[in-house]
Structures are given as structure tokens and as C-alpha cells.
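Counting starts at 1 for both ligands and their atoms, in listed order. Sequential numbering from 1 along the given sequence is applied to the chain's residues.
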Amino acid sequence: MPSPFLNPAASTAADGLAIVHLRRDNLMPVILEAQEADKEEKVTTTRFGSFPHSTLIDQPWGSQIVASQVHGGRAKKSSTKRKADEALGDGGDTSFKSAASGFIHVLPPTPESWTAGLPHRTQVVYTPDYSYILHRLRARPGTTLIEAGSGSGSFTHAAARAVFNGYPSSSSSSSNKKQRRRMGKVCSYEFHEQRAGKVRDEIKDHGLEEVVFPTHRDVYADGFLLGDDPKTRQSPKATAIFLDLPAPWLAIKHLVRSPADGSVSPLDPSSPAYICTFSPCMEQVQKTISMLRQHGWLNISMVEVNHRRIEVRREYYGLGNEGVRRAIVFPKSVDEAVGKLRLEEARQKEYRKMQKGNSNTQQKDGTGAGAEAEAAGNDDALKSEVESDQVPLYAQGRLVHRTEPDLKTHTSYLVFAILPRVWSDEDERKCRETWPSHDSKS
Ligand SMILES: C[S@@+](CC[C@H](N)C(=O)[O-])C[C@H]1O[C@@H](n2cnc3c(N)ncnc32)[C@H](O)[C@@H]1O
């Protein structure tokens, strides 16, 4: 079965996984169930109303679904879909409407939407971190990547998509074999039995079992070779390793070219290996770095991903009763905006009245002809000047930015390092054989 994470269909389907988007940071994974004869219809209930699964199935991804009235298990459908431009605000946040008229969106499962909605069994690695980690690990289609521990499977899904290299074609068995070699693998190790079982089930449910190979294992003690029998274990031949463990330094002794116990190396001998460890505190980082140095890892560096969403905007410039430009701080609520507009109107009225009085006096004096017209047009002229971009940027208002709070990211220190491949005399000889011959006379 093609995985919806690797090969998404165009629309939702019965028995398929959908990510129900309630708000920007509130997503919920749901398996859509077709109604069986003589059985009550499956209904997903959210704070924005009830959604019988018949209203969620066979909808193009991204559809907005309006809640249905559900009475005693029977659903009375509202119109199932509304156009996005009919939407009121962000997601289904219609607290001023009745729950039954709320709405949600159905999104396809992706590593990002899964991370945002997955059932947490542990701390997880979030998208800003894993996208950077996978990039630094050179994870690409065909890569074999070791991960420990699997935890809640957040990183596992992102890694699976990064290394996935397409499904083997069924044309011929020999080309099949070739393609399978290049398919890319995530070998995921977890020592907590229930978590290991849960990850295994999820990988199967999500159709990722051809890419992700979960193993229940204490990697500190038993390392990263594949298979249950220690005598017949095989090397995964990994080129990328990600350790999200409480004590990653205890696993590094296994990540060498020639293990001390004489076993085979879990690393690909024909490639450098790239490692990343993820630790929340500096003492852990120091122990990891020390161990990496002792085992020949090079190019050791540490990074902290301090991801923030930054909202940037130009402060709106209104016109003051003194006729000079005055910054108005953007309102934070509708009430505040209405209050500011009223205040502005009153100020303008007052200003015109004052200008009119001045002009009458000046006209009586025989001075200031046209001052009234100028006063009336003053605001409009300045406004259109601002709007028509004639005003230099620096005078149009201050650029302000503010970081959005509450972005879920479990910040940790990322330690990266590289273990070069062993370069033998034989490798050098083979390599030289492939060099083009240079005739010194020509
Ligand atoms: C923070 S969680 C990993 C979260 C995961 N990276 C994710 O994104 O969902 C750490 C996991 O390491 C597992 N673990 C701890 N020691 C281990 C060991 N010696 N061998 C394998 N797994 C281990 C824990 O059981 C836990 O599930």
C-alpha cells in the first residue's frame, strides 16, 4: 500500500488517515471510517462541532467542512463544504457562533502535520529542528539513516520521507533488486517496550514499513546492527545517524569503523558518516563531544536552532490635528480599532473647525486666502502622498517586528560531526585506475 506520507492521494478516503485542522497550532489525526450497515456512523467531535465521517470522506485535501447537527448518534448534515472565502477568520474559531456551525479543514498527512498533531509519548523533535538536522546529515533519497530512540516517531516520519527513493517498479525482478538497494532506510531503535511496539504499529498503519525498520533495543548495550540474534546481526551500512537519547555518549562506542568487540561496523565503509545528537543541556553536549573526539569523529560543531515566527509590518501613519504625520500603533482588538477611529474623526473635526476659524479671521484681515481649502485638503493630500509612494520609505512609518509566542519547539543543542571513511592503499590504487591517462607529450 503506498504510504499517504510519501505518495498522497488527491482526496480523503475511507480507512485513510486525515489530519483535522482546528486552528493553526491545533491539529488532530483521524482515521476516517466508512459507515457500516446497521451500525452508528462514526463521528469526530471537536470544540467546533461534530463531524460525521461521511462528511469527511472523498473530500479534496484542504476542504473546509462545516459541522453537522448530531442527534442521538444521527447526523443531520449541513452543507459539507464551504469555499475558503466564506470562512470567518482563522480555522474554526467561531466562538461567537453556535458549535454546530463551526468548521474544520481536512489536511493530508505529512511529517509536518503529523508532528503537530501526533499523540505524544515523549518529548518530540519539531519541524524547525528536524528539517535542519536532516539537511546537515545529508539525508537524501537512498540514504540509510540510524535513529535512536524512536520516542513518539516524530523524527522518524520526517526521516522516512527524506530517504524515500520511490517504490520499486514491478517490471523485472533484477531491476527490482537494484531499485530496492537504492530505496533508502530508517533503522529506528527504541528500548522502551510499549513505545517500540507503538512505533512499529504506526509505521505499519502509515504504510512506511518498506522504509522504516523499527527495532526494540537498548542501543547503549547492544548497538545498531540489524537482527535479533547477536551472532547473525548485519550491518545497516548507515551514512547518517541521529541520536535523541538521554546519554548519547554511551552509544558512540558502537559507531566506529572497527568495533572493539570484533563485530561488524554499522556504518557504510564506502562513505563518510554524519552524526547529530540532540541534548537539552551543555553537560550532555560536553560528554558527547569528548566521546566523539575519542572515537575519531571530526568537524565537531554545535548548533542551537532558535526558531521564531516573526511578524513584520509597517506602523500605520495617521494624520494629527497639528497637520504633522503621527504614528498610530496598530490596534490589538476591534474595540481598540473602533475607539482609535472615533478619536481620529473627532480630532479631524476639531482641526477643520480650528482651521476654518483661522481662515475667517485671516480673510477679514485680507491675509491667508485659500487657507480653508488647504486645510480641508490637507489630510487627503498627505494621505494620497503616503499611499502613492511619493513619501520616502523612512517617512512612511517605522518597520516593527514582533516574535510570535508559543511556537512549539523543544530547544536542544545539536552536536554535529563527521567520521571519514577509511582510505586504504587498495582504494587509492582503484581510484587511480579510473583516472584518465595524460600523455605528457600532448
Ligand atoms: C526524547 S525521546 C525521542 C523522541 C523522538 N526523537 C521523536 O521525535 O519523537 C527519547 C527516546 O529514547 C529512548 N531511549 C532511552 N534510552 C535508550 C536506549 N538506551 N536505547 C534505545 N532507546 C532509548 C526513550 O525510551 C525515549 O523514547
Parallel, tilted or perpendicular for [X] and [Y], by the 30°/60° rule?
X	Y	value
Phe103	His105	perpendicular
Phe5	His206	tilted
Tyr130	Phe155	perpendicular

Do me a favour and list the nearest non-hydrogen protein atom to [atom] with residue, atom name and distance?
atom	value
atom 20 (N) of ligand 1	Val219 N, 3.1 Å
atom 26 (C) of ligand 1	Arg195 NH1, 3.3 Å
atom 22 (N) of ligand 1	Phe191 N, 3.2 Å
atom 11 (C) of ligand 1	Glu190 OE1, 3.7 Å

Is a side-chain donor-acceptor pair under 3.5 Å present for Gln286 with Ser290?
-> no
Would you say the side-chain atoms of Arg138 and Ser271 include a donor-acceptor pair closer than 3.5 Å?
-> no
Which atoms of ligand 1 sit under 4.0 Å from any heavy atom of [X]?
X	answer
Tyr220	16 (N), 19 (N)
Asp218	18 (C), 19 (N), 20 (N)
Gln123	1 (C), 2 (S), 4 (C)
His192	25 (O)
Phe155	7 (C), 8 (O)
Arg217	20 (N), 21 (C)
Gly153	9 (O)
Asp244	1 (C), 3 (C), 4 (C), 5 (C), 6 (N), 10 (C), 11 (C), 12 (O)

Taking it one step at a time, do Arg200 and Glu190 satisfy salt bridge (Lys or Arg N to Asp or Glu O under 4.0 Å)?
-> CA-CA 10 Å; Arg200 192 181 294 277; Glu190 170 58 56; over 6 Å; no
Are Phe416 and Tyr132 near enough that their ring centres are under 6.0 Å apart?
-> yes
Nearest non-hydrogen atom to [atom] belongs to which of [options]?
atom	options	result
atom 15 (C) of ligand 1	Ala247, Pro246, Gly149	Pro246
atom 5 (C) of ligand 1	Ser150, Ser154, Ala148	Ser150
atom 17 (C) of ligand 1	Leu245, Asp129, Leu250	Leu245

Ser235 side-chain N/O to Ser265 backbone N/O, donor-acceptor pair under 3.5 Å |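 Checked: pair present.
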Does Tyr189 offer a backbone N or O that forms a donor-acceptor pair with the side chain of Thr215 under 3.5 Å?
->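 The answer is no, because no donor-acceptor pair under 3.5 Å joins these two groups.
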Would one find an N or O of Val125, backbone or side chain, under 3.5 Å from an N or O of ligand 1?
->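 For ligand 1, there is an N or O atom that lies under 3.5 Å from one belonging to Val125.
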Consider every N or O of Glu147 and every N or O of ligand 1, then say whether any pair is closer than 3.5 Å.
->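 Among all N and O atoms of Glu147, none is under 3.5 Å from an N or O of ligand 1.
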Could you tell me whether Glu283 and Lys287 make a salt bridge, using a distance below 4.0 angstrom between a side-chain N and a carboxylate O?
->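 Lys287 and Glu283: not salt-bridged.
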Point-to-point distance, once rounded to the nearest 0.5 Å, from CG of Asp222 to CZ of Arg217 |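 Here the interatomic distance stands at 6.0 Å.
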